[in-house]
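First comes the structure, then the notes that go with it.
Model, not experiment: these values are computed from the prediction.
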Amino acid sequence: MPIEIDVAPDLGRGASYTVPCDDYVHVVEFSPFDSGSAASLLAYGGNQYVVVGTCRFQEEDMEVEGVEFATLRVFHHALRVDCLAWSPESRLDKLPQLIRFCTAAADRKVRLLTSDLQNQHEVKVMEGHTSYINHLVFEPTEGKQIASVSDDHTCRVWDLEGNETTTFRLRSPGVSVCWHPEDAFKLMVAEKKGTIRFYDLVTQQAILSLDCGQSPLMSADWCLTNTIKVGAVTGSDWVIWDITRSSYPQEKRPAHVERAGNFRWSRVNENLFSTTGCPGKISSQLLVHHLGHPQPVMIGSATVGAGLSWHRSLPLCVIGGDRKLSFWMTEM
């Protein structure tokens with residue numbers, strides 16, 4: 001059954017919509033892939049669980065008031081979920097249905113979770129990292145590989161059997177890894193000291209590098225709708241590259257009073273992106289930026305926010321928090 005939600009009257013500092021949760025939400029991710037359903041797949045992780053559900057918003061269905069969230073399954077997770085990534089193989093329009101995603105936790109292990117939402121549930125544990133895992137991603141066209149980056153100065157690529165097929169040695173902790181559906185033989189890896197490298201997965205060589213000119217780099221993203229755009233947050237600034245022009249950023253602006261935490265491109269507009277301040281403060285700031293505007297186009301405030309993800313077809317992003325998910329719709 002869909003659960004009740006709150007609808008905020010305006011798009012000011014409060015969230016457009018909120019969905020209540022049973023516990024603190026550490027990570028939240030919309031699936032970036034088509035699941036064959038009119039609703040969007042969304043997963044969020046807490047201290048010992050992952051909730052997988054579907055979201056439908058009034059902007060896409062006039063019969064919905066605000067947002068409708070329906071839980072599909074709650075997965076037990078041995079430890080707090082630190083990061084999560086969706087597989088493109090997740091489908092709701094076929095029988096049996098398939099839900100597949102991977103997580104990372106403080107025990108330095110990657111877990112691959114697969115379910116048919118009936119009675120078939122499988123967890124495969126992948127071991128190899130020797131320090132904290134900061135980010136992971138599925139190969140976006142077929143979903144048969146996973147890449148992960150860690151404080152152990154490596155980016156590792158795994159097959160779904162848990163075999164480590166490739167290891168890239170980094171010069172500082174890996175903070176973000178991106179795999180673009182239009183360029184599936186390249187991997188983008190961002191390092192904390194301020195360097196972003198693109199690796200050719202066939203030759204296993206670095207083929208391009210970008211330099212922030214400052215550190216620490218906390219988060220980076222490869223623009224889905226324009227492959228030559230890369231963005232990141234470093235220190236308290238956001239930076240944007242056109243990778244065909246220079247290894248140094250084309251644009252750079254201060255974003256947050258203290259250190260920035262996350263950078264994510266919108267999946268529907270190549271000029272729209274969001275940043276968050278580092279979690280752990282009493283109030284976290286969510287900023288939505290548009291490259292044509294000198295100031296943020298939307299400023300949101302959330303209590304101790306964590307995680308950041310954009311909807312696959314709406315200019316809407318979500319962050320987790322204390323017993324709730326907060327959604328912000330951006331007027332285009």
Side-chain angles (χ1 to χ4, degrees), residues 1-22 25 27-46 50-74 84-86 88 90-93 97 99 101 117 221 224-225 262 264-276 284-290 296-303 305-332:
M1 281 289 293
I3 59 177
E4 291 184 15
I5 50 83
D6 302 327
V7 181
D10 65 273
L11 296 173
R13 295 191 65 83
S16 308
Y17 316 117
T18 59
V19 168
C21 307
D22 289 339
V25 177
V27 295
V28 57
E29 292 289 342
F30 278 114
S31 171
F33 306 110
D34 179 10
S35 67
S37 164
S40 294
L41 281 172
L42 181 134
Y44 64 88
V50 176
V51 175
V52 169
T54 58
C55 276
R56 195 102 174 107
F57 296 89
Q58 65 183 24
E59 285 80 2
E60 47 189 354
D61 186 343
M62 291 175 65
E63 293 183 9
V64 172
E65 187 177 339
V67 59
E68 205 171 76
F69 181 83
T71 300
L72 295 174
R73 181 176 159 81
V74 180
L84 183 151
W86 278 99
S90 296
R91 302 292 299 189
L92 297 176
D93 60 343
Q97 293 178 317
I99 292 292
F101 60 94
L117 299 177
D221 197 20
L224 180 67
T225 52
N262 286 305
R264 293 287 184 274
W265 288 104
S266 158
R267 292 177 174 131
V268 295
N269 184 330
E270 66 172 79
N271 293 311
L272 199 64
F273 60 96
S274 56
T275 61
T276 59
S284 291
Q285 206 178 38
L286 166 76
L287 300 178
V288 177
H289 313 266
H290 189 285
V297 293
M298 207 279 304
I299 300 173
S301 181
T303 313
L308 173 63
S309 183
W310 284 88
H311 191 277
R312 64 180 292 270
S313 57
L314 292 172
L316 174 141
C317 53
V318 59
I319 60 175
D322 189 10
R323 294 192 295 279
K324 68 180 177 183
L325 299 174
S326 298
F327 300 87
W328 275 270
M329 180 66 70
T330 303
E331 294 295 335
M332 298 287 280

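Contacts of Val297 classified as side chain to side chain contact (heavy atoms under 4.5 Å, CB included), with partners at least two apart in sequence or in another chain: Leu272, Val288, His290, His293, Thr330. For Ala43, the side chain to side chain contact (heavy atoms under 4.5 Å, CB included) test picks out Val50, Val52, Leu84, Trp86, with sequence neighbours left out. Under the side chain to side chain contact (heavy atoms under 4.5 Å, CB included) criterion, Leu287 pairs with Ala255, His256, Thr275, Gln285, His289, Pro296, Ile299, not counting sequence neighbours. A search for ring-ring contact (aromatic ring centres under 6.0 Å, His included) contacts involving Trp265 returns Phe263, Phe273, not counting sequence neighbours. Residues forming a side chain to side chain donor-acceptor pair (under 3.5 Å) with Arg312 (at least two apart in sequence, or on another chain): none. In this structure, the side chain to side chain donor-acceptor pair (under 3.5 Å) partners of Asn271, at least two apart in sequence or on a different chain, are Lys229. For Phe327, the ring-ring contact (aromatic ring centres under 6.0 Å, His included) partners at least two apart in sequence or on another chain are Phe57. Contacts of Arg323 classified as side chain to side chain contact (heavy atoms under 4.5 Å, CB included), with partners at least two apart in sequence or in another chain: none. Not a single side chain to side chain donor-acceptor pair (under 3.5 Å) links Asp22 to another residue, sequence neighbours left out. In this structure Asp34 satisfies the salt bridge (Lys or Arg N to Asp or Glu O under 4.0 Å) test with no other residue, sequence neighbours excluded. Every ring-ring contact (aromatic ring centres under 6.0 Å, His included) that Phe30 has, sequence neighbours left out, goes to His311. Remark: Arg267 engages no residue in a side chain to side chain donor-acceptor pair (under 3.5 Å) (not counting sequence neighbours).
In this structure, Arg91 and Gln97 have side chains that are not in contact, with every pair of non-hydrogen atoms separated by 4.5 Å or more. Here the side chains of Leu42 and Val318 are in contact, with some heavy-atom distance below 4.5 Å. Contact check for Leu92 versus Leu72: side-chain heavy atoms found under the 4.5 Å cut-off. Contact of the Asn269 side chain with the Thr225 side chain is not registered, since no non-hydrogen atoms from C-beta on lie closer than 4.5 Å. Side-chain contact check for Arg73 versus Ile99: every heavy-atom pair is 4.5 Å or farther apart. With contacts defined as side-chain heavy-atom distances shorter than 4.5 Å, the pair Leu286/Cys317 qualifies. Annotation: side chain of Ser309 is in contact with side chain of Glu29 (closest heavy-atom distance under 4.5 Å). For the pair Ser274/Leu308, a side-chain contact is recorded, criterion being any heavy-atom separation below 4.5 Å from C-beta on.
Note: Glu63 CD to Glu60 CD = 13.0 Å, rounded to the nearest 0.5 Å. Atom CG of Leu325 sits about 7.5 Å away from atom SG of Cys55, to the nearest 0.5 Å. Rounded to the nearest 0.5 Å, atoms OH (Tyr44) and CZ (Phe69) are 5.0 Å apart.
The nearest pair of heavy atoms linking Ser90 to Leu41 is CB-CD1, 3.9 Å. Ser35 and Ala39 make their closest contact through OG-O, 4.0 Å (heavy atoms, listed as atom of the first residue, atom of the second, distance).
For Asp221 and Arg264, the salt-bridge test fails: no basic side-chain N is under 4.0 Å from an acidic carboxylate O.
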Point to revise | Verdict with supporting geometry, Leu314 and Met329, side-chain contact (heavy atoms from CB on, under 4.5 Å) | key: CA-CA 8 Å; Leu314 292 172; Met329 180 66 70; 4.2 Å; yes

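Gln58 and Tyr17 share a side-chain donor-acceptor pair at under 3.5 Å.
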